[in-house]
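Some notes on the structure that comes next.
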Amino acid sequence: ERAAVKVETTSMFAVNTVRARQSSSPPWERFIEIHTTNSADMDKVRQYLDITPETDVSIVARSNGFLITGDFITRPRVSITLKKGMPGLVGALLEDFTSTVAFDDFSPRMAFDTEGMILSPNRAMRLPVSSINVEKVQATLWQLPENNIPLMAMGFFDSYKKHLSRKIAVRTGAVNA
């Protein structure tokens, strides 16, 4: 005679790491990266999430976790709590999880707001840039003669850009907000 044995198993959903991160290019953003043992049930994350100080956030799914973006620029420290019962695709949080993250200051960074632009001969022309923690910048402008445009467009002489163009200006100035 055969006997049936019932084996109970529980699958666990848990938080592995919580990190404060920041973008390296515009738009300058800070976000909280949460890694979990398996993917979170994204339809229910918001109802199990508390953030202090309160702010509006967006939550984006990642494999084995999610990102929380919001107005963290003015908040150097943020506390998050994921409440007990928050479901993952396999299992649920067995207890509340609380973590406080501290954001580092942005290192000085700058980027052009547009790629590849033709400057007019007007001397009052300004270069649109996005910057953070930058007070002064030096810009060197090079003119690429029309006959060399096809070479640059095809990727030839990539390391010899200065040989195919001529320097027309070097300016140093304050970055205005």
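In plain terms, the two heavy atoms of Phe66 and Ala61 that are nearest each other are CB-CA, 4.3 Å. Closest of all the heavy-atom pairs between Arg77 and Pro53 is O-CD, 3.8 Å. The two residues Tyr48 and Pro87 make their nearest non-hydrogen contact at CE1-CD, 3.6 Å. When all heavy atoms of Val101 and Ala20 are compared, the closest pair comes out as CB-CB, 3.9 Å. Gln22 approaches Arg109 most closely through the heavy-atom pair NE2-NH2, 3.7 Å. Minimum heavy-atom separation, Gly85 to Ala92: O-CB, 3.7 Å.
The structure places NZ of Lys83 at 10.5 Å from OG1 of Thr98, a figure rounded to the nearest 0.5 Å. From Met12, atom CE reaches atom CG of Leu93 across 9.0 Å, with rounding to the nearest 0.5 Å. Interatomic distance, CG of Asp43 versus CD1 of Ile59, reported as 11.0 Å (0.5 Å rounding). Taking CZ of Arg30 as the reference point, atom OG1 of Thr69 lies at 14.0 Å (rounded to 0.5 Å). Between atom CG of residue Asn16 and atom OG1 of residue Thr36 there is a gap of 7.0 Å, rounded to the nearest 0.5 Å. Distance check: Glu29 CD to Arg21 CZ gives 14.0 Å after rounding to the nearest 0.5 Å.
Using a 4.5 Å heavy-atom threshold, the side chains of Val170 and Gln138 count as touching. In this structure, Phe72 and Val78 have side chains that are in contact, with non-hydrogen atoms separated by less than 4.5 Å. Inter-residue side-chain proximity for Asp56 and Asp71 is flagged as unmet; no heavy-atom pair is nearer than 4.5 Å. Using a 4.5 Å heavy-atom threshold, the side chains of Leu49 and Leu82 count as touching. Counting only heavy atoms from C-beta outward, the side chains of Met86 and Val45 approach each other to under 4.5 Å. Counting heavy atoms from C-beta outward, Val57 and Phe31 have side chains that stay 4.5 Å or more apart.
For Asn38 (side chain) and Val90 (main-chain N/O), a donor-acceptor pair under 3.5 Å exists by modelled atom type. When atom types are taken as modelled, the side chain of Thr37 and the backbone of Ala14 share a donor-acceptor pair closer than 3.5 angstrom. For the pair Arg62 (side chain) and Ile34 (backbone), a donor-acceptor distance under 3.5 Å is absent. Judged purely by atom type and a 3.5 angstrom limit, Asp50 has no side-chain atom pairing as donor or acceptor with the backbone of Thr81.
Applying side-chain contact (heavy atoms from CB on, under 4.5 Å) to Ile80 and the options Thr52, Ile51, Val15 leaves one that passes, Ile51.
Under a hydrophobic clustering in which Ile, Leu, Val, Met, Phe, Trp and Tyr are joined whenever their side-chain heavy atoms come within less than 4.5 Å, directly or via other members, Phe97 and Phe13 fall into the same cluster.
No more than 12 heavy-atom neighbours from other residues, nucleotides or ligands sit within 6.0 angstrom of NZ on Lys44. Residue Glu95 places its CD atom among 12 or fewer non-hydrogen atoms of other residues, nucleotides or ligands, all under 6.0 Å distant.
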